[in-house]
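Since we're looking at a predicted model, the values are computed, not measured. All values below come from the heavy atoms of this structure, side chains included, with hydrogens, waters and symmetry mates left out.
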Protein chains: 2
Amino acid sequence: MSMSAPAHAPPLEELTHRLRRRERRVTAPRQAILEFLRRQTHPASRKEIFSALPRGVGDLATVYRSVQLLESMGMVQRFDFGDGVARYRLLAEGEDGHRHHLICRQCRTVVEVRECFAADLERQIARRNGYRAVSHRLEFFGLCPQCQGAEP
Amino acid sequence: MSMSAPAHAPPLEELTHRLRRRERRVTAPRQAILEFLRRQTHPASRKEIFSALPRGVGDLATVYRSVQLLESMGMVQRFDFGDGVARYRLLAEGEDGHRHHLICRQCRTVVEVRECFAADLERQIARRNGYRAVSHRLEFFGLCPQCQGAEP
DNA sequence: CCCGCAACTGCAAACCATTTGCAGCTCGGC
DNA sequence: GCCGAGCTGCAAATGGTTTGCAGTTGCGGG
Ligand SMILES: [Mn+2]
Ligand SMILES: [Mn+2]
Ligand SMILES: [Zn+2]
Ligand SMILES: [Zn+2]
């Protein structure tokens, strides 16, 4: 066939099922967005998602609204790589999506970082300051091998 | 007098001196911006800086340009608390500005976090992926004591 | 298979933070 | 005091994101 999705990608049916379960409609734009997202290995911007949609299906505003819905349902996770553009990736059912990245400052290549430094410290900081429901965001920035030795 | 600055704040002269040393002009808007910044204990947005300027001194565009200059000179550090607004704080001479925060998701109150947990991890991740000049950004988000028990 | 209607879409306008073009003003070295 | 590069003020442009609204469609019920 074509454009194989990563092995771990949830099947499209499972994704649409999650929508129906919450009384959300399974529309052409939403299916196309989900189909696109399940093929990605890195977070995608909404403009990228829009550009990848089949001709005539979906509108940029619809992509924004759909992604927002998916985010509110916990089906995608949002990332901020510091360039003023939000990026999203699909989340497996039940997955919390906690993840970190190493981003090339020049070409924006993204590497996923497995480690998460101790949640103990997070708890400690929360307690020390009387904060609740504390989470964190941690991203690394650098120059990837290809971009070394020739900064603009 | 009025509006005392934090004890550690560099005197205004020292700040303007840093400008002159690099052939930058000491103008009224720039002085007002620096005066404002040295009184802050938390990072301020450019709109906040602008609003705090004396009547008739400075323009929002000038604030943007000035802050950009200060950033390029390493005199201020930029922060991204995830709400789409950049914030800045003055840096002491030679200070690298590496710092983390605990931010209230609701009222945006900011607490500084002294520890840097990610230094070792950073080195390790850089080597493993062949990246150079790696830095990181780490922020914590939660609900501050005042905001607990009444989310919108 | 057809209805009815809330949910959803497409398109355009609005928003907001940030950037930029440009003509006139000012800092600071001479 | 003079002059030129550096700055400023104002207004218009950008670019990502949001919103209003009228028309369309998914889908449960008949
Ligand atoms: Mn983590
Ligand atoms: Mn750190
Ligand atoms: Zn690169
Ligand atoms: Zn709060």
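- Rounded to whole angstrom, the span from the CZ atom of A:F50 across to the P atom of D:dT17 amounts to 14 Å.
- Regarding A:L69, its CG atom lies at a distance of 12 Å from the P atom of C:dA7, rounded to whole Å.
- Side-chain N or O atoms of A:Q77 include one that pairs as donor or acceptor with a backbone N or O of A:G97 at under 3.5 Å.
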With sugar-phosphate taken as primed atoms, P, OP1 and OP2 and all else as base, the protein-contact string of nucleotides 24-30 of chain D at under 4.0 Å (heavy atoms; B, S, -) is -BBS---
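- Side-chain contact, B:R105 with A:S135: a donor N or O sits under 3.5 Å from an acceptor N or O.
- In this structure, B:R78 contributes its side chain and B:R87 its backbone to no donor-acceptor pair below 3.5 Å.
- Heavy-atom minimum distance, B:T16 versus B:Q31: CG2-CG, 4.3 Å.
- Listed nucleotides: D:dT18, D:dA11, C:dT9. Nearest to the side chain of B:A61: D:dA11.
- Checking C:dC11, C:dT9, D:dT8 against the side-chain heavy atoms of A:S66 singles out C:dT9 as nearest.
- Between A:K47 and A:R65, the one whose closest nucleotide on DNA chain D sits nearer the 5' end is A:K47.
- Within the structure, every side-chain polar atom (N or O) of B:Y64 is placed at least 4.0 Å from both OP1 and OP2 of C:dT19.
- Ring orientation note: the planes of B:H136 and B:H100 are close to parallel, at an angle under 30° on the 30°/60° scale.
- Put simply, CG on B:D80 is 14 Å from C1' on D:dG16, counting in whole angstrom units.
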Full working for salt bridge (charged side-chain N to carboxylate O under 4.0 Å, His left out) between B:E139 and A:R137 = CA-CA 5 Å; B:E139 307 295 354; A:R137 180 188 300 173; over 6 Å; no
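- Rounded to whole Å, atom P of D:dA5 lies 14 Å from atom CD of B:E23.
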